[in-house]
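What follows is a single structure, written as structure tokens, with notes after it.
Each chain gets a letter, A, B and so on, in the order its sequence line appears, and its residues count up from 1. Fair warning: this is a prediction, and the values are worked out from it, not measured in the lab. Scope of the values below: all heavy atoms of this structure, side chains included, with no hydrogens, waters or symmetry mates.
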There are 2 protein chains.
Amino acid sequence: MTLQAKPLRLSTTQPDFEALFQQRLHWSADTDAQIEQRVAEILQEVQHEGDAAVLRLTERFDGLSAPTMQALELAQDELQAAFEHLPEAQREALQQAATRIRTYHEAQKKASGQGWSYRDADGSLLGQKVTPLDRVGIYVPGGKAAYPSSVLMNAIPAQVAGVGEIIMVVPTPGGERNPLVLAAAYVAGVSRAFTIGGAQAVAALAYGTQSVPKVDKITGPGNAYVASAKKRVFGLVGIDMIAGPSEILVLADGTTPADWVAMDLFSQAEHDELAQSILLSPDAAYLDAVQQAIDRLLPEQPRAAIIAKSLNGRGALIHTRDMAQACEIANRIAPEHLEVSSSDPHKWEPLLRHAGAIFLGAYTSESLGDYCAGPNHVLPTSGTARFSSPLGVMDFQKRSSIIEVSESGAQQLGRIAHVLAEGEGLHAHGQAALLRLRR
Amino acid sequence: MTLQAKPLRLSTTQPDFEALFQQRLHWSADTDAQIEQRVAEILQEVQHEGDAAVLRLTERFDGLSAPTMQALELAQDELQAAFEHLPEAQREALQQAATRIRTYHEAQKKASGQGWSYRDADGSLLGQKVTPLDRVGIYVPGGKAAYPSSVLMNAIPAQVAGVGEIIMVVPTPGGERNPLVLAAAYVAGVSRAFTIGGAQAVAALAYGTQSVPKVDKITGPGNAYVASAKKRVFGLVGIDMIAGPSEILVLADGTTPADWVAMDLFSQAEHDELAQSILLSPDAAYLDAVQQAIDRLLPEQPRAAIIAKSLNGRGALIHTRDMAQACEIANRIAPEHLEVSSSDPHKWEPLLRHAGAIFLGAYTSESLGDYCAGPNHVLPTSGTARFSSPLGVMDFQKRSSIIEVSESGAQQLGRIAHVLAEGEGLHAHGQAALLRLRR
């Protein structure tokens, strides 16, 4: 039987559009109670036994036996050697990607990650100081989904922010190491790296063990165990968002070659069967052309089976009234990746309110953003772009308010604070303000 | 028996300092399994039954019976009337505080909350766009800890960020409304307000009901049920940090009147018995003087019993080698509020890396910051200032990456992306990049 990929074909004018559209979008982040229970146990074991528990669990889950945690640490020269033994094309690609990612995040730091202050009429100083986190942990998945690009995307913003120490953990099931991942750690400036993974690695970073230093924040993607562990240690340490399946939404006015768009849909769908690829266009003939391109290009894809499952189960080609309606629908979806494949993308960009990353124009394939355009590829999924943002420098900084009230400012502010404090029944608050008034 | 408040007296030179210091700091955020279970049930009830569940639970927990949710909504003219019926001093204090908070957050938005972009050598556009959240929910505690200042501190940054709709929930046990809270909602520009609270209010905001609109983010403090509910809906909606007990750390060089510092310690301690007040000074005689001031001032405090419990159980007066050592200890504590009560606070400020808010100089009592200096009083507690920040405008905005790759940029980036994509085994990613290369 020939493999077929038929994304659901919809039109916004069909009476059952809303129901079918909602159904297609539906994805449940419901957690598995058994996983939660198991993760809670793993966290406890590591919290109480430290290295011994990590070693035991690494042997059990990764089939990797080591006498001590030292044996599970990758030395800097191992990372460097991995880089140096790469084919030249990969070495260069890694370095060029790293440079562009660094440039972007440096611009971000300059634009949004700086302290500021002002003095008011009374001479009081008000502002905010920005400081890097001391130490962060970066979780890098191992096994089939080993992404060196994720190492760059997590470690470089931390480094640009000025984080003192970046600790990477990456499982190496059966001891198999991915040279590109190790090389990326070298290029990105990771401080220390341990070949551990799963909930036990998250626990080691959150609580610290005899060998793994306790970090202030943990970022990076992982499987359901890793996600559950991160959610559980949230509060003790900071975490980034818990990611759902990856998604792309393409808004197309019909001017981009259909092959290009079909391949963009594939490049999302090939991630996994739950990944979601949706195309919106006011041009029905264009949707047909993209479907034909899908039919033609699918057989030559090494990951055709995954692509087909993803497109059949979660994909959609939606005919909209016009581009403005496509923008409205995009805002409802709040997609992780949003391509505006139009000859006039700047006409539509201002209408787009919710998206992780917006790719403008036919030449901006999502894959360029995934690897090397510069912006971060760690983006909010599953509609969370409604309230959250790409990973960035600010995620590795924190802000402290700075307040210096002048003597004369204290006279004015003290009276206000006293009235409000008494209104809240907090007498000492009011007294602390009154004591600073001139007699 | 006379009430006494004796914070633990320590010196960094005593041999058991480290152990006693750690003991005093210890606070467990462990969640109560029974509360978690009950909250999970409440969330489910509201998710499935909507208004009916909220009405039933409000009657059960707040003793407030209403025929419909409409009866639990506060109309704008009720908020306005509450404001207009306040004594003039309170009206003015609220407005002046609101103005200063707004000014500070507008400066914050201008400094850190704006979009930016640049073009690289190939003419590709890279940047970030900043947009406000559409709708947020603000939880305001009711009953004994009803703080109108919290309404200002949560709603004003949201308003400055440009949030379209701000929904306030505030429980009114037995139907008792706090006029200052209602007035603050009016001054801060709250869009809609419901007299509901607890986990059921969090659920209503997170899932939406027939009457309560679903929001994108929920901020604001609450009891253990509210905290557990917020943690549980995190991911579906955004949340702010889960707050622990409030803390103040005072670094004093001995130049501030001892009464002032004693009152600052009280103003933290009066919040609740778990609140923590710590004073560090290299001047042992000054620590004695503050203890004497505590003894003298305690009896006249309306909340003396709470203050005494807090200081006896969690307070400390610590003699340090010098101010530099006091700064080091401050960084280890990463306090919510950090007063630098020194004649030369700018000498020490650069040494302070981790704190929610830093109050410089003798005139800057924490209480001025709590109410009206301008910066936000929602601050990271329990050492989380190591990785998190005061509530601010950025918490009510989100960022979207903007990428527009030029045709010439696609030639260069396409080759890099192709190499890295093939290295990750993601063929379609590589093809999407290659298709954009000139033939």
Quiz item: Atom CH2 in A:Trp116, atom CD in B:Gln108: separation rounded to 0.5 Å?
Solution: 5.0 Å

Quiz item: Could you give the distance from CG (A:Asn178) to CD (B:Glu424), rounded to the nearest 0.5 Å?
Solution: 8.5 Å

Self-check item: Region of B:Pro179 in contact with chain A, defined by heavy-atom distances below 4.5 Å
Solution: neither

Self-check item: Heavy-atom contact with chain A under 4.5 Å, split by part of B:Ala421
Solution: both

Practice problem: Pick one of side chain, backbone, both or neither for A:Arg232, based on which atoms fall under 4.5 Å of a heavy atom in chain B. | Solution: backbone

Quiz item: Where do B:Gly235 and A:Phe387 come nearest, in terms of heavy atoms and distance?
Solution: O-CZ, 3.4 Å

Exercise. Classify the ring geometry between A:His429 and B:His271 as parallel (under 30°), tilted (30 to 60°) or perpendicular (over 60°).
Key: perpendicular

Practice problem: Please name the pair of heavy atoms, one in A:Arg436 and one in B:Ala362, separated by the smallest distance, quoted to 0.1 Å. | Solution: NE-O, 2.9 Å

Quiz prompt | Largest heavy-atom contact set with chain B, pairs under 4.5 Å, which of A:Leu126, A:Val136, A:Leu125 | solution = A:Leu126

Quiz item: Short question: side chain of B:Lys129, backbone of A:Ile358 - any donor-acceptor pair under 3.5 Å?
Solution: no

Practice problem: Below 4.5 Å from any heavy atom of chain B, which atoms of A:Ser365 appear? Answer side chain, backbone, both or neither. | Solution: both

Quiz item: What is the minimum heavy-atom distance between A:Val405 and B:Thr364, and which atoms define it?
Solution: N-OG1, 2.7 Å

Quiz item: chain A heavy atoms under 4.5 Å from B:Phe266: which part of the residue, side chain, backbone, both or neither?
Solution: both

Self-check item: Approximate separation, where rounding is to 0.5 Å, of A:Ser382 OG and B:Leu236 CG
Solution: 10.5 Å

Exercise. Can you tell which part of A:Tyr104 gets under 4.5 Å to a heavy atom of chain B, answering side chain, backbone, both or neither?
Key: both

Exercise. Rounded to the nearest 0.5 Å, what's the gap from CG on B:Leu435 to CG on A:Leu297? Could you check?
Key: 7.5 Å

Practice problem: Taking all non-hydrogen atoms of both residues into account, name the closest pair between B:Pro390 and A:Arg399 and its distance. | Solution: CD-O, 2.9 Å

Self-check item: A:Asp216 versus B:His354, side-chain donor and acceptor atoms under 3.5 Å
Solution: no

Exercise. Please determine, among B:Asp120, B:Asp259, B:Leu180, the option with the most heavy-atom pairs under 4.5 Å with chain A.
Key: B:Asp120

Practice problem: Among the options A:Glu270, A:Glu366, A:His427, A:Gln397, pick out the one with the most heavy-atom pairs lying under 4.5 Å from chain B. | Solution: A:Glu270

Quiz item: What part of A:Lys110 gets closer than 4.5 Å to chain B, counting heavy atoms only: side chain, backbone, both or neither?
Solution: neither

Practice problem: Specify which of A:Gly356, A:Ser124, A:Ser401, A:Ala373 makes the most heavy-atom pairs with chain B at under 4.5 Å. | Solution: A:Ser401

Quiz item: Under a 4.5 Å heavy-atom cut-off, does chain B meet the side chain of A:Phe234, its backbone, both or neither?
Solution: both

Practice problem: Can you measure from CG (A:Leu338) to CD1 (B:Ile403) and round to the nearest 0.5 angstrom? | Solution: 11.0 Å

Quiz item: What residue, out of B:Glu407, B:Gln90, B:Gln431, B:Gln96, has the most heavy-atom pairs lying under 4.5 Å from chain A?
Solution: B:Glu407

Exercise. Start with the C-alpha distance between B:Arg303 and A:Leu426, add both sets of side-chain angles, then the distance that settles side-chain contact (heavy atoms from CB on, under 4.5 Å), and finish with yes or no.
Key: CA-CA 8 Å; B:Arg303 297 168 76 91; A:Leu426 296 174; 3.9 Å; yes

Exercise. Apply side-chain contact (heavy atoms from CB on, under 4.5 Å) to A:Ser388 and B:Lys398, showing your working.
Key: CA-CA 5 Å; A:Ser388 55; B:Lys398 67 299 193 283; 5.7 Å; no

Quiz item: What residue in A:Gly361, A:Pro302, A:Ala262 has the most heavy-atom pairs under 4.5 Å with chain B?
Solution: A:Pro302

Quiz prompt | Leading residue by heavy atom contact count with chain A [cutoff under 4.5 Å; candidates B:Pro132, B:Ser400, B:Pro87, B:Ala410] | solution = B:Ser400

Practice problem: Check whether A:Leu434 gets within reach of chain B through its side chain, its backbone, both or neither, counting any heavy atom under 4.5 Å. | Solution: neither

Practice problem: Determine the option with the most heavy-atom pairs under 4.5 angstrom with chain A, choosing from B:Met394, B:Glu92, B:Lys217, B:Gln114. | Solution: B:Met394

Self-check item: Among A:Leu86, A:Val237, A:Asp370, A:Leu94, residue most engaged with chain B (heavy-atom pairs, under 4.5 Å)
Solution: A:Val237

Quiz item: Looking at B:Ser149, B:Ala97, B:Gly369, which makes the most heavy-atom pairs under 4.5 Å with chain A?
Solution: B:Ser149

Quiz item: Of all of B:Leu352, B:Asn376, B:Asp134, B:Ile242, which one pairs up most often with chain A through heavy atoms under 4.5 Å apart?
Solution: B:Asp134

Self-check item: Residue part contacting chain B, namely of A:Thr103, when any heavy atom lies under 4.5 Å
Solution: both

Practice problem: Quick one: pull up OG1 in B:Thr131 and CG in A:Asn331 and give me the separation to the nearest 0.5 Å. | Solution: 9.0 Å

Self-check item: A:Leu265 versus chain B, the contacting section by heavy-atom distance below 4.5 Å
Solution: neither

Quiz item: Non-hydrogen atoms of chain B under 4.5 Å away: do they reach the side chain of A:Pro257, the backbone, both or neither?
Solution: neither

Quiz item: Considering all heavy atoms of both residues, which atom of B:Pro345 and which atom of A:Glu404 are nearest to each other, and what is their separation?
Solution: CG-OE2, 3.9 Å

Quiz item: Closest approach of B:Ala433 and A:Ser367, non-hydrogen atoms and distance?
Solution: N-OG, 3.7 Å

